[in-house]
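Reminder, nothing fancy here: chain letters follow the sequence lines and each chain counts from 1.
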Amino acid sequence: MSAIKVYIPGDSAAVSVGADDVALEISRLARASNLEIEIIRNGTRGALWLEPLVEVQVGADRIGYGPVQVADIAGLFQTQFLTGGAHPLSIGKVSELPWLAGQDRITFKRVGIVDPLSISDYQALGGWVGLQRALTMSGEQIVAEVTESGLRGRGGAGFPAGIKWKTVLETQDETKYICCNADEGDSGTYADRILIEGDPFTLIEGMAIAAIAVGAQQGFVYIRSEYPAAVAKLSAAILLAREFGVLGKSVLGSTYAFDIKIRVGGGSYVCGEETAMLESIEGKRGVVRSKPPLPAIAGLFGKPTVINNVLTLASVPAVLADGATSYKSRGVGRSLGTQIFQLAGNVKQGGIVETGFGISLGELITSYGGGSLSGKPIKAVQIGGPLGAYFAPKNFDLAMDYESLLTAGGMLGHGGIVIFDTSVDLAVQAKFAMEFCAIESCGKCTPCRLGSTRGAETIQKIIDGEEFEPNKRLLLDLCEVMTDGSLCAMGGLTPMPVMSAMINFPEDFENRAEVMK
Amino acid sequence: MTHSSWSLGAAMAVLEPLRAEPGPVLMALQAIQREFGFVPDEAVALIATTFNVSRADVHGVLTFYHDLRTTPALENEIKICVAEACQAVGSRVLEKALKATYKEEVCDAFCFGNCALGPAVMVNGKLIGRATLAKVAEEIK
Ligand SMILES: Cc1cc2nc3c(=O)[nH]c(=O)nc-3n(C[C@H](O)[C@H](O)[C@H](O)COP(=O)(O)O)c2cc1C
Ligand code: SF4
Ligand code: FES
């Protein structure tokens, strides 16, 4: 009999709650009982509340157990989990878990299923098909397909990917670059990390397609230093892709050359802003550049540069493989395709939910999230990272797409949804938004650099119950100056969490002196 | 994380492979910090001459990035995430407790991408999810 395949995620999130120890103990007990097993360290399926989620291959199915702690393992062996035996931690066939089965996994279709560094796994699930098709097309045709798919930037601004690529394609230069933004600084977001750790070849394939489309030879991936495991996985994947012939002098035997280098960040949030990122890749201070010129015309080292988020680039292989029509059959209005939502904070069932745009906020939080972790009622959710708006449960019917969120005074950002229970104080959150801006500002504009500090002080006065009306007026003025007078969205959008907190949770700001009495 | 003490030879060896890289200053500072645990004054001058940039430029980069430090690393490095998703599950309370116990070995961080399993703490490079004082204690040297 061949070895039984046991999948234990090697993803950082799973490891942070004990997956390495679980793998060691399972392999120890298997050896002790002379059972032949093969442990595969897959990525996470994204159902993070089930981590460590151990899966056993039984026939054509994978039977899951989770969350498994070391203390559970002897019991799992007793109940014959290696043949799919019943156990209180069993979730049955993983693919039939309603939480996963209800999703529409396009970008994340291989994540959690494959061995992240196995090229044969990658190919078995459709890997390189998009790239092979791209190699039969002209740059213009590839760009047209991406434009037609409706794919928009997943990093925050939601700019149509195809239009950006078109500018780079049409800008004449011998040297062009593809820069992947893997800075993922937004609190409540982790999809870039999980994709890179769980299916790095998809990102490599997406970057190669972008390179062929616009005529670039060199790619850079800018990964934040907080993600050491992602850096390691992607480095290993790049070496394998070179060996396999996807990267290097000839992409899959074609006349195109393309290779990728990794650059690691320095612990600075603003370096996620695309021009600050370019400065940082050039080894300089991460100070935001003025536009124009657009990076698409004069970007990295002054050359035409495609800058896209990890999820944008990782969606491209599916767009090319299955065609624009298939991709844009998902979603609503001008928000086409799937969005990778990330449930975070005080949530019972946190994780990755990939589904067509337009799902309601309430469905994400209640059906997928299962409510708060603490069991207390949910009071607030922040959508779109530290620059995103705070909403209340009364907004749960909000449709999750770019336009609906904008209309509601928010933004989708990178798709993170942070959930807070009734213990949260929105005035404290508003103050944190200002403090964060003060810490992370690149320093170029006064409203952002100094306004944020003034803002935090003013909110502190409100928290302390000092005269409300004049401080509120001062804060509103400051927010207006920051919105209008900042070069980038760091200073320009910090007012969004502040204002939305005041509008949606006025009770946390008004009459604090009375409340404190 | 064991670091060597400063030596010009070791520093030059660390920088040598970066000569071929475009825009090497940040990478150079990171490499120096990996080797020595921090960026000593001597390294700033060495990076400036090695890559033909001004000392002011190197210094500018050094002071911009939160990761880079100019004083020797402490025995333990405990980074607690105090960004929103971890705040929502009590990271501020844990932060206070950690700082009371481990003092200046504790510093704030903003997100480790483990926001569904917070509070997140990184101890000497190891990420801990659903962190507690007890879980952190197990990783302390
Ligand atoms: C302060 C700030 C931080 C940002 N951080 C990120 C980030 O971490 N990752 C990202 O992809 N985009 C980030 N962005 C957005 C980028 O500037 C840019 O729009 C994006 O990388 C473009 O890729 P996309 O079109 O594929 O989304 C940030 C923007 C600002 C203003
Ligand atoms: S808004 Fe802030 S972060 Fe953006 S360029 Fe101005 S000072 Fe820098
Ligand atoms: S907010 Fe703490 S890990 Fe992301």
Side-chain angles (χ1 to χ4, degrees), chain A residues 12-13 15-18 48-49 51 184-190 192-194 224-230 261 263-269 271 280-287 301 342-347 349-351 373-374 382 385-386 416 418-421 424 429 432 436 439-440 442, chain B residues 18 20-31 33-34 47 51 53 57-69 79 81-93 107-123 125-131 135:
Chain A
S12 311
V15 171
S16 83
V17 287
L48 293 166
W49 87 97
E51 294 296 353
E184 196 163 66
D186 290 2
S187 165
T189 69
Y190 43 79
D192 294 350
R193 180 187 64 66
I194 285 180
R224 60 204 303 258
S225 60
E226 292 84 350
Y227 286 2
K261 284 179 195 263
R263 287 292 183 270
V264 179
S268 155
Y269 177 76
C271 286
S280 190
I281 296 175
E282 292 181 14
K284 303 177 192 154
R285 294 165 67 89
V287 176
F301 300 111
Q342 299 137 77
L343 299 176
N346 201 322
V347 60
Q349 301 177 164
L373 178 69
S374 64
Q382 187 180 25
V418 177
I419 293 149
F420 295 83
D421 72 10
V424 71
Q429 297 311 115
F432 175 77
F436 185 68
I439 295 170
E440 298 297 334
C442 85
Chain B
L18 301 179
E21 295 291 347
V25 175
L26 175 57
M27 293 177 91
L29 289 162
Q30 289 168 328
Q33 180 155 311
R34 258 197 312 279
I47 291 171
F51 302 108
V53 291
D57 282 343
V58 181
H59 195 260
V61 177
L62 174 59
T63 50
F64 183 84
Y65 292 97
H66 302 310
D67 281 353
L68 297 172
R69 48 184 305 151
K79 294 180 175 172
C81 173
V82 294
E84 291 88 339
C86 286
Q87 290 171 14
V89 285
S91 77
R92 288 297 191 186
V93 176
C107 63
D108 291 351
F110 298 104
C111 196
F112 291 107
N114 202 20
C115 329
L117 295 173
V121 177
M122 195 177 262
V123 183
K126 185 173 173 188
L127 184 62
I128 303 172
R130 296 277 186 247
K135 279 195 186 180

Got more than 12 heavy atoms from elsewhere within 6.0 Å of NE2, B:H66? yes
Answer with side chain, backbone, both or neither: which region of [X] has an atom nearer than 4.5 Å to a non-hydrogen atom of chain B?
| X | value |
| --- | --- |
| A:I439 | both |
| A:T189 | backbone |
| A:Q429 | side chain |

Heavy-atom pairs under 4.5 Å with chain A are the metric here; pick the option from [options] that has the most.
| options | answer |
| --- | --- |
| B:K79, B:K126, B:Q30 | B:Q30 |
| B:L26, B:D67, B:V61, B:V58 | B:D67 |
| B:S91, B:G118, B:A120, B:G60 | B:G60 |
| B:K135, B:M122, B:Q87 | B:Q87 |

Inter-residue atom distance [X].[atom1] - [Y].[atom2], 0.5 Å rounding:
| X | Y | atom1 | atom2 | answer |
| --- | --- | --- | --- | --- |
| B:F112 | A:S12 | CZ | OG | 11.0 Å |
| B:C115 | A:E184 | SG | CD | 7.5 Å |
| A:K284 | B:D57 | NZ | CG | 9.0 Å |
| A:S280 | B:F64 | OG | CZ | 7.5 Å |

For a quick test of reading the model, state the closest non-hydrogen atom pair linking [X] to [Y] and the distance between them.
| X | Y | value |
| --- | --- | --- |
| A:G188 | B:C111 | N-SG, 4.4 Å |
| B:Y65 | A:G286 | OH-N, 3.4 Å |
| B:V89 | A:L373 | CG1-CD2, 4.1 Å |
| B:A116 | A:Y190 | CB-OH, 3.8 Å |
| A:L48 | B:L117 | O-CD2, 3.6 Å |
| B:T63 | A:R285 | OG1-NH1, 3.6 Å |

Below 4.5 Å from any heavy atom of chain A, which atoms of B:L127 appear? Answer side chain, backbone, both or neither. both
Let me know if B:E84 has heavy atoms under 4.5 Å from chain A in its side chain, its backbone, both or neither. both
Which of the residues [options] is involved in the greatest number of heavy-atom pairs with chain B at under 4.5 angstrom?
| options | value |
| --- | --- |
| A:Y227, A:F432, A:F420 | A:F432 |
| A:S374, A:P386, A:P228, A:G385 | A:P386 |
| A:C271, A:G18, A:G345 | A:G345 |
| A:G350, A:A344, A:G351, A:S187 | A:S187 |

Charged N-O contact under 4.0 Å between A:E51 and B:R130: no
State plainly whether the residues A:K261 and B:E21 are in salt-bridge range, i.e. N to O under 4.0 Å. yes
Please state whether the rings of A:F436 and B:F110 are parallel, tilted or perpendicular, taking 30° and 60° as the class boundaries. perpendicular
Those residues at least two apart in sequence (or on a different chain) that pass side chain to side chain donor-acceptor pair (under 3.5 Å) with A:S16 are B:N114
Which residues share a side chain to side chain donor-acceptor pair (under 3.5 Å) with A:D186, sequence neighbours left out: A:Y269
A:E282 (side chain) donor-acceptor with B:P22 (main chain) under 3.5 angstrom: no
